[in-house]
**Q** 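The structure that follows is given in the form of C-alpha cells.
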Protein chains: 2
Amino acid sequence: MSKDKRPPDWSALVGMQPSVGLMPTSLREAATRIRTDSHATLFRSGDPVCHVYLVIDGEARLIRLARHGGEVILQRSRGGFIAEASLDSKAYHCDAVTPEPSTLLLFPVVAFRTALEDDRAFCKAWQSQLAKEVRKLRAQCERLSLHSAADRITHYIESEGDDGVVTLRQSRKSWAAELGLTHEALYRALRRMQDDGTLSIEGTRFTRKA
Amino acid sequence: MSKDKRPPDWSALVGMQPSVGLMPTSLREAATRIRTDSHATLFRSGDPVCHVYLVIDGEARLIRLARHGGEVILQRSRGGFIAEASLDSKAYHCDAVTPEPSTLLLFPVVAFRTALEDDRAFCKAWQSQLAKEVRKLRAQCERLSLHSAADRITHYIESEGDDGVVTLRQSRKSWAAELGLTHEALYRALRRMQDDGTLSIEGTRFTRKA
DNA sequence: CGTACTTTTGAATCGCATCAAATCTGGTGG
DNA sequence: CCACCAGATTTGATGCGATTCAAAAGTACG
C-alpha cells in the first residue's frame, strides 16, 4: 500500500460517479491517493471510521466472514465509492479488501462531513447516491430470494445489464458468490441455459434470449 | 382508504423514527393522514412518484411479483418510512401494499424535496436514515446468501434482535418470505432448532442458545 | 516451466421446494 | 353463542436442485 502524490484525473471520475462532479474543491484537495496490492486490507471490522473510499482503478470489497469459514461479499465496487454508509458511524462493521492491485482515493470523514454540511449541491448528490445504493441493494435482495440458479442469472442480466445483455467485470467464481451460489452451481446453470438456448455467452458477454 | 383530518401525534412518531423529529413544521403541515384497508394498494410499479410514506400504525410493504406468481418482499415497514429511496425517482419501481388495515402519513415529494434543501438538520438526519437503510439491506443480503434455514434464522436473531432475543412483529409465514424460505421450511427448521436446544420459543419471542 | 487460480466435469448426498392435507386461529355474521 | 370462513400453522411424502467433495483441464503470470 503506497501513497501517490499526483493529483487524480477528476474529469474521468465524474463519468463513473456523478456525485464526484459536485464535490467541493476543498474536499478534493483533502484526498490522498493510494495503491494497494492484491489481497490488501483497507480496514477491519471494529476499526474507527476515518476515511470514505473511492475506487479509481481495480476493485474493493466489503466482506464478512461467515461462521463456517465462507466469505460473504457485502459490497463490491469498481469505479465508485465504498463504505459510504459508514460515513455516519463510529466504527466499521465489516472488513474491506482489494482482491487485485488497485488505486483508491481516501477522503477524511471529517472533511467529508464538513463538505456535506457546507455544500448544498454536493449534499443533494450524495443523497441520490445513497438512494441509488438502496435501490440496488433491494434488487439484490430480490435476486437472492429467487430459488433457482437460472432465475438469479436471468434477474442479474435484466437488472444489471442493458436490454438483456451484460458484460461481466469479474470472474465467474466471484459472480457466483454475488449470486449466492457455489461456483459449480453457476457453471452448470450457465451450461444448461446455453443448451436450452435461453442464454448465449461470448467471452464475458452474456445475452439473454426468449 | 379514507382521509383523516386530525393532526397526528408527532412526539410519538419521533420515538420510532428520529428523522421525523427534525422535520420542519412546513413539511409536517403538508402531510395528509390516511387509513387503509387490509390488502390495500398504495401505488403500483410505474406510477409517478408523488408521496413519501410514513407508516404510523399497521404495516406497509414494497413488493414485486416474481415470474412464477410468487411475491417477493422488498421492504417491510412498521413505524417508519417506506419508499424513501424513490424520493429522487420519477416513477416507482415496485408495488406498495398494506397487508393489514393501517394508518399512514403522506408527504408530497415536492414539499419533501424543498424541506431537504432548506433545512440543514433535516437533510443530515435524512442522510443517516438512508445510510442506516443501506446497512440494514447489506445485512439482509448477507443473510440471504447463507445456505441453510437454520443459519438464516440465527443470523436474523443476531442482527435484528437484541442480545440473542428477538420478538417477532409479523406472522411466521411472512417471516419465511423475508428469510427467502417457504413457510414449511421455516416451520421445520424452527422445530429442529428447538429439538436441538439451540432455540427456545415462547409465543413471538425467539431466544438463541449456545 | 512451475505455481496459483479459475474453469469445468463427475458422483453422492442433503436440504429445501413442492404438493397435499389436517388442524388451529381469529374474526364475521346469523 | 355458534357456525363459518380465511388465513396461519403444522405434518407428511416426494423429487429436484444445490451443496459438497473430488479431481482434471485450462489459463495467467512470474
Side-chain angles (χ1 to χ4, degrees), chain A residues 37-39 58-59 61 66-73 97-101 143-156 168-196 198-199 201-206, chain B residues 37-40 58-59 61 66-73 97-101 143-155 168-196 198-199 201-206:
Chain A
D37 298 328
S38 187
H39 304 112
E59 177 173 325
R61 291 181 190 165
R67 216 172 291 281
H68 302 304
E71 164 178 303
V72 179
I73 302 178
V97 297
T98 55
E100 57 187 274
R143 187 179 311 135
L144 289 172
S145 60
L146 298 176
H147 298 305
S148 89
D151 284 349
R152 291 189 196 171
I153 292 167
T154 301
H155 185 285
Y156 186 92
L168 212 61
R169 302 188 174 287
Q170 61 183 322
S171 72
R172 296 184 189 186
K173 195 177 178 185
S174 65
W175 189 25
E178 189 173 345
L179 293 174
L181 299 169
T182 59
H183 59 280
E184 297 98 322
L186 175 59
Y187 291 132
R188 284 190 255 258
L190 289 174
R191 160 63 51 120
R192 267 196 306 275
M193 293 172 80
Q194 276 187 101
D195 294 349
D196 284 352
T198 52
L199 183 71
I201 308 178
E202 305 131 20
T204 58
R205 192 181 160 81
F206 297 75
Chain B
D37 298 328
S38 189
H39 304 113
E59 176 173 325
R61 292 181 191 166
R67 217 172 290 281
H68 302 303
E71 165 177 302
V72 179
I73 301 178
V97 298
T98 54
E100 57 186 274
R143 188 180 309 135
L144 288 173
S145 60
L146 298 175
H147 297 305
S148 88
D151 284 348
R152 291 189 197 172
I153 292 167
T154 302
H155 186 284
L168 211 60
R169 303 188 173 287
Q170 60 183 322
S171 71
R172 296 184 189 186
K173 196 179 179 183
S174 66
W175 188 26
E178 188 174 346
L179 293 174
L181 299 168
T182 59
H183 59 279
E184 298 98 324
L186 175 60
Y187 291 131
R188 284 190 255 258
L190 289 174
R191 160 62 52 120
R192 266 197 307 275
M193 291 172 79
Q194 276 187 101
D195 294 348
D196 283 352
T198 52
L199 183 71
I201 308 177
E202 306 131 20
T204 59
R205 193 181 159 80
F206 296 76

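Residue numbering restarts at 1 for every chain, and letters A, B, ... go by the order of the sequence lines. Every value quoted in this text rests on a predicted model; they were computed, and no experiment measured them.
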**Q** Between D:dT19 atom C1' and A:Arg152 atom CZ, what is the distance in whole Å?
**A**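 Spelled out: CZ on A:Arg152 to C1' on D:dT19 is 12 Å.
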
**Q** Shortest non-hydrogen contact from B:Ala189 to B:Ala149?
**A**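 Heavy-atom minimum between the residues: CB-CB, 3.7 Å.
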
**Q** Assuming nearest nucleotide by heavy-atom distance, tell me which of B:His39 and B:Arg188 is located more 5' along DNA chain D.
**A**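 Closer to the 5' end of DNA chain D: B:His39.
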
**Q** Could you give the CG-to-C1' distance, from B:Leu190 to D:dT11, as a whole number of Å?
**A**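 To the nearest whole Å, that distance equals 14 Å.
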
**Q** Do any side-chain nitrogens or oxygens of A:Tyr187 fall under 4.0 Å of OP1 or OP2 in C:dT7?
**A**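 For C:dT7, OP1 or OP2 has a side-chain N or O of A:Tyr187 closer than 4.0 Å.
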
**Q** Give a yes or no on whether a donor-acceptor pair under 3.5 Å exists between the nucleobase atoms of D:dG17, that is its base, and the side chain of A:Arg192.
**A**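 It does not, because no donor-acceptor pair links the side chain of A:Arg192 to the base of D:dG17 below 3.5 Å.
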
**Q** Could you check which of C:dT9, D:dT10, C:dT6 has an atom nearest any side-chain atom of A:Lys173?
**A**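 Comparing C:dT9, D:dT10, C:dT6 against the side chain of A:Lys173, the answer is C:dT6.
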
**Q** Closer than 4.0 Å, any side-chain N/O of B:Thr182 to the OP1 or OP2 of C:dA17?
**A**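 Yes.
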
**Q** Among A:Arg143, A:Gln170, A:Arg152, exactly one meets side-chain hydrogen bond (donor to acceptor under 3.5 Å, both in side chains) together with A:Glu178. Which residue is that?
**A**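 Going through the options one by one, the only one that passes is A:Gln170.
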
**Q** Start with the C-alpha gap between A:Leu168 and A:Tyr156, add the side-chain angles, then the distance that decides, and say whether side-chain contact (heavy atoms from CB on, under 4.5 Å) holds.
**A** CA-CA 11 Å; A:Leu168 212 61; A:Tyr156 186 92; 4.2 Å; yes

**Q** Out of D:dC21, D:dT9, D:dT19, which has the shortest distance to the side chain of B:Ser171?
**A**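 Nearest listed nucleotide: D:dT9.
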
**Q** Heavy-atom nearest nucleotide on DNA chain C for A:His147 versus A:Ser174: which residue maps closer to 5'?
**A**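 Final value for this comparison: A:Ser174.
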
**Q** Using heavy atoms to find the nearest nucleotide of DNA chain C for B:His183 and B:Ala189 separately, return the residue whose nucleotide is more 5′.
**A**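 In this pair, the answer is B:Ala189.
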
**Q** Quick one: pull up CG in A:Leu186 and CZ in A:Arg172 and give me the separation to the nearest 0.5 Å.
**A**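 The CG atom of A:Leu186 sits 8.0 Å away from the CZ atom of A:Arg172.
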
**Q** Would you mind telling me which of D:dT11, C:dA17, C:dT9 lies closest to the side-chain atoms of B:Arg191?
**A**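 Nucleotide nearest to B:Arg191's side chain: D:dT11.
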
**Q** Work out which heavy atom in A:Leu179 is nearest to a heavy atom in A:Leu144; give both atom names and the distance.
**A**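 Heavy atoms only, the tightest pair is O-CD2, 3.5 Å.
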
**Q** Distance check needed: D:dT9 P versus B:Gln170 CD, whole Å only.
**A**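 For the pair B:Gln170 CD and D:dT9 P, the rounded distance is 10 Å.
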
**Q** What is the distance from CG of A:Asp151 to C1' of D:dA18, rounded to the nearest Å?
**A**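 Computing the A:Asp151:CG to D:dA18:C1' distance gives 14 Å.
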
**Q** As a test of reading the structure: which of C:dC16, D:dT20, D:dT9 is closest to the side chain of B:Ser148, going by heavy atoms?
**A**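 Given the options C:dC16, D:dT20, D:dT9, the side chain of B:Ser148 is closest to C:dC16.
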
**Q** What nucleotide among C:dT18, D:dA18, D:dA22 has an atom nearest to a side-chain atom of A:Glu184?
**A**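 Among C:dT18, D:dA18, D:dA22, the one nearest the side chain of A:Glu184 is D:dA22.
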
**Q** Figure out the CG/C1' separation between A:Leu179 and D:dG17, and round it to whole Å.
**A**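 So the CG-C1' distance, A:Leu179 to D:dG17, works out to 16 Å.
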
**Q** What integer distance in Å separates B:Leu146:CG from C:dC16:P?
**A**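 For the pair B:Leu146 CG and C:dC16 P, the rounded distance is 12 Å.
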
**Q** What is the distance from CD of B:Glu100 to P of D:dG7, rounded to the nearest Å?
**A**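 Those two atoms, CD and P, are 14 Å apart.
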
**Q** Check whether the side chain of A:Arg172 and the base of D:dT27 form a donor-acceptor pair under 3.5 Å.
**A**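 Counting by modelled atom types and ignoring angles, no donor-acceptor contact under 3.5 Å is found here.
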
